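Report on one structure; see the data block that follows.
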Amino acid sequence: MPYGYRAMFVILRTYYVKYGLCSISKMIRRWAPANENNTIAYINHVSAWSGIHKDATLEITSKTMMCAVVAAMSRVENGTKANGTDVQKGWDLL
């Protein structure tokens, strides 16, 4: 699991650096496009579960912030709460 979370962090960092996608809203629109997902619901869930406003600028180097975002995304993707230890281990693999 940590390597899967590491992959998520790498992808989100690429979105931020390469494409200038700096918020939950912008990142999720690319990660889960509307032609395949209920993107608005996805954004709202990640925002609520992470405690970060959907349009706030993410601090891509903040372990606390990014672990909260990835854990919330994992919850949407898997339908169950993420194991916080695994998420943090994923971050530590960067």
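It should be emphasised that the depicted structure is a prediction, and the values quoted were computed from it without experimental measurement.
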4.5 Å side-chain heavy-atom contact, [X] and [Y]:
X     : Y     : answer
Tyr5  : Gln88 : no
Lys89 : Thr85 : yes
Arg29 : Ile43 : yes
Arg6  : Asp92 : no

If we ignore hydrogens and angles and just use 3.5 Å, is the side chain of [X] paired with the main-chain N or O of [Y] as donor and acceptor?
X     : Y     : result
Ser23 : Asp55 : no
Thr57 : Cys22 : no
Ser50 : Ala68 : no
Thr14 : Val10 : yes

Atom pair [atom1] ([X]) and [atom2] ([Y]), whose distance is rounded to the nearest 0.5 Å:
X     : Y     : atom1 : atom2 : answer
Ile28 : Tyr42 : CD1   : OH    : 5.0 Å
Ser25 : Asn44 : OG    : CG    : 8.5 Å
Leu94 : Met66 : CG    : CE    : 9.5 Å
Ile24 : Met65 : CD1   : CE    : 8.0 Å
Ile11 : Arg30 : CD1   : CZ    : 10.0 Å

Co-membership, hydrophobic cluster, residues Leu58 and Tyr19, 4.5 Å side-chain:
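Yes: a chain of side-chain contacts under 4.5 Å links Leu58 to Tyr19.
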
hydrophobic_cluster_shared for Met1 and Leu93, side chain cutoff 4.5 Å:
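Different clusters: Leu93 never reaches Met1 through Ile, Leu, Val, Met, Phe, Trp or Tyr contacts under 4.5 Å.
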
Minimum heavy-atom distance between Met8 and Ser74, given as atom pair plus value:
CE-N, 4.2 Å

Minimum heavy-atom distance between Ile52 and Ser47, given as atom pair plus value:
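In terms of heavy atoms, the two residues are closest at O-OG, 2.7 Å.
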
Just wondering, are more than 12 heavy atoms of other shown residues or ligands nearer than 6.0 Å to NZ in Lys81?
no

Over 12 foreign heavy atoms within 6.0 Å of CD, Glu77:
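Yes, the 6.0 Å shell around CD holds more than 12 heavy atoms from other groups.
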
Decide whether Tyr15 and Trp31 meet the rule of one side-chain donor and one side-chain acceptor closer than 3.5 Å.
no

What residues form a ring pair (Phe, Tyr, Trp, His ring centres under 6.0 Å) with Phe9, not counting sequence neighbours?
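Here the qualifying residues are Trp91.
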
